[in-house]
Engineer: 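Dropping a structure here in structure tokens format, bear with me for questions.
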Protein chains: 4
Amino acid sequence: MAPPDPADGTARRPRRHDPDRKARILDAALDVLVEQGTVGITHRHVAARADVPLGSVTYHFASLAELQAQAFARFVEQRGSEFAALFDGVRTRAELVDVLVDLVHGSPSRHRSAVLGFELHLAALRDPGLRALAAGWTRSSQEVLARFTGQDDAARLDALLEGMIMHALLTTEPRSREATRTAIARTVDPREQGGSRATR
Amino acid sequence: MAPPDPADGTARRPRRHDPDRKARILDAALDVLVEQGTVGITHRHVAARADVPLGSVTYHFASLAELQAQAFARFVEQRGSEFAALFDGVRTRAELVDVLVDLVHGSPSRHRSAVLGFELHLAALRDPGLRALAAGWTRSSQEVLARFTGQDDAARLDALLEGMIMHALLTTEPRSREATRTAIARTVDPREQGGSRATR
Amino acid sequence: MAPPDPADGTARRPRRHDPDRKARILDAALDVLVEQGTVGITHRHVAARADVPLGSVTYHFASLAELQAQAFARFVEQRGSEFAALFDGVRTRAELVDVLVDLVHGSPSRHRSAVLGFELHLAALRDPGLRALAAGWTRSSQEVLARFTGQDDAARLDALLEGMIMHALLTTEPRSREATRTAIARTVDPREQGGSRATR
Amino acid sequence: MAPPDPADGTARRPRRHDPDRKARILDAALDVLVEQGTVGITHRHVAARADVPLGSVTYHFASLAELQAQAFARFVEQRGSEFAALFDGVRTRAELVDVLVDLVHGSPSRHRSAVLGFELHLAALRDPGLRALAAGWTRSSQEVLARFTGQDDAARLDALLEGMIMHALLTTEPRSREATRTAIARTVDPREQGGSRATR
DNA sequence: TATGAATGAGGGTTCATTCAT
DNA sequence: GATGAATGAACCCTCATTCAT
């Protein structure tokens, strides 16, 4: 005889043997991070988000800190590939600028990456393990950019993008794409003087 | 017979009638924010840091959210003046660059501002009130910069600084001041091509 | 409008301002210790036993270990006075033996002291703070006995009593009072050879 | 792709077909009992101590209570033989006293027995099954002693030893062997009046 | 005005036990 | 036979907030 369903409408969860449950928990943790930030990372929130019993989270992760660390690691891995893929078809400086402008004035899907990135950066301020992770991520991002701009300009460009993305996340009256384009274009190629689309 | 002490470490303190206690509490809250981030903002932590009884915090602030908001407001106000003052003696582009390089490769006192700034930015992502505060801060910062660079370049410079400060906070092997100087110099004056100290 | 009573029949507890609640919690903890042993010392058990909300226990005691330590300290203090009082009217060796036999073949009220004493001894094995407490208790007990027997015999007598009390607690077929009396009498006065009531 | 490890430290161990694993688990449980007391008896602790997978403990024992009971039973059996063997070469009262003094002022190996004995006694207070076990142990111990002292004195001697061992376990400034010897000698032979080594 | 006692929700974590493999 | 994934209860403790004094 099966146990009765609880009264509160939540269906019984008979799910035993669920492979890659661990990965699903990590994805749920990233969802929570986007919506609530690091304060939202609790066993109970993550479990509810992953539609998994509480004990399942504590079973797979020895501590919340470890869960958070692995979630961030998963993000960096996934986002690293995505980021590199953005530049796959880029041949000219103009195309590079196009991609970067899209990066800043991003779609909702970019919003997620941006928020997670900043959460990681802030968490890394006080966690050496996360600091190493963030450093690796920054390095690989700059390597991607450096293929187009050279090493030094890549660092500069990366910092500019970081700041612009943060501002874009926060601003209520979004700066026009044109202003963003100009700023990026000048950084990608300092000889650019005009604010409009580079024609040469 | 003396009344029993509570179990936590809060000792008995006979300080009655303490003007500007409210301000001291806010400063303590900022200290906590620097050291532990927004998760550390609890009545007990702040009270202990301010060396003030627990009830004093709840008495002066209707809720924790309000305490945090006022603490951030105090920070923006203080930091705004400080920031403007940094540029008081600046006359040439070279001097501007000097000040900005110092801003990025900051002393420990700058560390505090940088951390609080990022804490504010991240908290503002999910709190409309803080978002307005952060927006005002960004605007006034850019106005200061714009006195030297014009409006558009100020926004670009501000974003660059933001990104470089974050990277400087996180990196383990700090990038040389020279690289920072070059990046800033090129942004301040796009005609700069060399990486070394600008001579005029 | 008062909040409604909970559905499970437990009456609402409007009790604010309850002085010597801390002492009541400690007494409840001792009750729990008697009934369930150290494993039963949980915030919830003690709170329920003291008819006090859970938060009240955590408020008054910084940790469970501290609660347990203070409870044992309270027991030692109370029991110390009781123990000394047992010998107030003792004038002769025979009266001393009478009191000690009663101590071993104790009433239910003695059961409590015996169990708490052994719980303390065992807990003290692994807790230096409790070890000091237990040592002090043993010392003061032996001082009381020494007033009748001298220092060395007091130690011997104390050990014998300890062992007999433990056996009395455990045995299913209780040894007769006569056997206990004989054993004690021989220890109190080694010249005693017979097993029956000392007449001299 | 390897299956994920659980979050706790239990590593993968390829030991299949391990006879007398059950006995090894019981010995591990006794080790845990000595070090942490009955609260430490958990499936995980015992499994880790025995270097055995978690499931192995639940497989061999229907419940934790049963595991504990069997561990105590194993202790009583082993310790019973050991205890009897202590008296194998005893011929005179003086030799008997020597053995008993060693029993109280024991080496580390005796420490283990003493702690386990008291753990058993206290656990038996609240568990009828263990009470029977403890009663049997006490009986057989007294039978060994009775071969030298007679039935009544054996019970008295056993109680004295029990108390002295407990005191010896707890005391920080260990009572001298001489005092212990005197106490035992007087109990073994009430005609003994002097405190020093009995010469006949 | 100012304080600290009081409360209950919710936090991280450990655990005995069940069960599919 | 043997194992480890899975589950939910219960653990200790921290906390925001309320309120009597």
Side-chain angles (χ1 to χ4, degrees), chain A residues 6 13-19 21-22 39 41-47 52-67, chain B residues 3-8 10 12-18 21 39 41-45 47 52-65 67, chain C residues 13-19 21-22 39 41-47 52-65 67, chain D residues 3-8 10 12-18 21 39 41-45 47 52-65 67:
Chain A
R13 240 180 295 108
R15 195 171 346 165
R16 307 302 291 264
H17 193 55
D18 175 7
R21 168 175 287 195
K22 195 168 177 177
V39 281
I41 295 293
T42 73
H43 286 116
R44 285 161 180 81
H45 285 163
V46 173
V52 141
L54 171 60
S56 190
V57 178
T58 63
Y59 175 75
H60 283 287
F61 301 93
S63 74
L64 252 206
E66 186 145 339
L67 166 59
Chain B
D5 274 8
D8 51 14
T10 59
R12 203 164 308 289
R13 253 166 284 90
R15 183 159 358 158
R16 290 294 177 119
H17 195 57
D18 176 8
R21 167 174 287 194
V39 280
I41 295 294
T42 73
H43 287 117
R44 283 158 183 79
H45 285 165
V52 141
L54 171 62
S56 188
V57 178
T58 63
Y59 175 73
H60 285 287
F61 300 93
S63 74
L64 253 203
L67 167 60
Chain C
R13 240 182 293 111
R15 195 171 346 165
R16 307 303 291 264
H17 193 55
D18 175 7
R21 169 175 287 195
K22 196 169 176 176
V39 282
I41 295 293
T42 75
H43 286 118
R44 284 159 182 79
H45 286 164
V46 173
V52 141
L54 172 61
S56 191
V57 178
T58 63
Y59 174 74
H60 284 286
F61 300 93
S63 73
L64 255 204
L67 167 59
Chain D
D5 275 7
D8 50 15
T10 59
R12 200 164 311 289
R13 254 167 284 90
R15 183 158 0 161
R16 289 296 177 119
H17 195 57
D18 177 8
R21 167 173 288 195
V39 281
I41 294 293
T42 73
H43 287 117
R44 282 158 183 79
H45 286 165
V52 142
L54 171 62
S56 189
V57 179
T58 63
Y59 175 72
H60 285 287
F61 301 93
S63 75
L64 253 204
L67 167 59

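It should be emphasised that the depicted structure is a prediction, and the values quoted were computed from it without experimental measurement. Chain A is the first sequence line, chain B the second, and so forth, proteins listed ahead of strands; every chain is numbered from 1.
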Engineer: Is there a side-chain polar atom (N or O) of C:His43 under 4.0 Å from OP1 or OP2 of F:dA10?
Structural biologist: no
Engineer: Identify whether any heavy atom of D:Ile41 sits under 4.0 Å from a base atom; if not, whether one sits that close to sugar-phosphate; answer base, sugar-phosphate or nothing.
Structural biologist: sugar-phosphate
Engineer: Answer yes or no: does a side-chain N or O of D:Tyr59 lie under 4.0 Å from OP1 or OP2 of F:dT3?
Structural biologist: no
Engineer: Please give, in whole Å, the distance from E:dA16 P to D:Leu67 CG?
Structural biologist: 10 Å
Engineer: If you check the C:Pro53 side chain, which of F:dT17, F:dC13, E:dG8 turns out closest?
Structural biologist: E:dG8
Engineer: Please find the pair of heavy atoms, one from B:Ala47 and one from B:Val57, that lie closest to each other, and give the distance.
Structural biologist: CB-CG2, 3.7 Å
Engineer: Can you check whether D:Arg21 has a side-chain N or O nearer than 4.0 Å to OP1 or OP2 of F:dT3?
Structural biologist: yes
Engineer: In whole Å, I'd like the distance from the CG atom of A:Leu54 to the C1' atom of E:dG12.
Structural biologist: 9 Å
Engineer: Where do B:Arg21 and B:His60 come nearest, in terms of heavy atoms and distance?
Structural biologist: CD-NE2, 3.9 Å
Engineer: Check whether any side-chain N or O of D:His45 sits under 4.0 Å from OP1 or OP2 of E:dC15, and answer yes or no.
Structural biologist: yes
Engineer: Send over the distance from A:Leu64 CG to E:dT14 P, rounded to a whole Å.
Structural biologist: 11 Å
Engineer: Might you point out which heavy atoms bring C:Val39 and C:Thr42 nearest each other, and give the distance in Å?
Structural biologist: O-CG2, 3.9 Å
Engineer: If the cut-off is 4.0 Å, is B:Ser56 near the phosphate of E:dA2, judged by side-chain N/O to OP1 or OP2?
Structural biologist: no
Engineer: Nearest-nucleotide wise, let me know which of C:Gly55 and A:Thr42 is further upstream toward the 5' end of DNA chain E.
Structural biologist: C:Gly55
Engineer: Once you round it to whole Å, what is the distance between P of E:dG8 and NE2 of C:His60?
Structural biologist: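 Value for this atom pair: 14 Å.
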Engineer: Using a 4.0 Å heavy-atom cut-off across all strands, classify B:Thr58 as base, sugar-phosphate, or nothing.
Structural biologist: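 The answer is base, as B:Thr58 lies within the cut-off (heavy atoms under 4.0 Å) of a base atom.
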Engineer: At their closest point, which heavy atom of D:Leu64 faces which heavy atom of D:Ile41, and how far apart are they?
Structural biologist: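 Between these two residues, the closest heavy atoms are CD1-O, 3.1 Å.
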Engineer: Partner of E:dA6 by Watson-Crick or G-U wobble geometry, both contacts under 3.5 Å, or none?
Structural biologist: F:dT17
Engineer: Look at the side chain of B:Arg44 and the base of F:dA16, then say whether one donor and one acceptor between them are separated by less than 3.5 Å.
Structural biologist: yes
Engineer: In Å and rounded to the nearest 0.5 Å, what is the NE2 to OG distance from B:His43 to B:Ser63?
Structural biologist: 7.0 Å
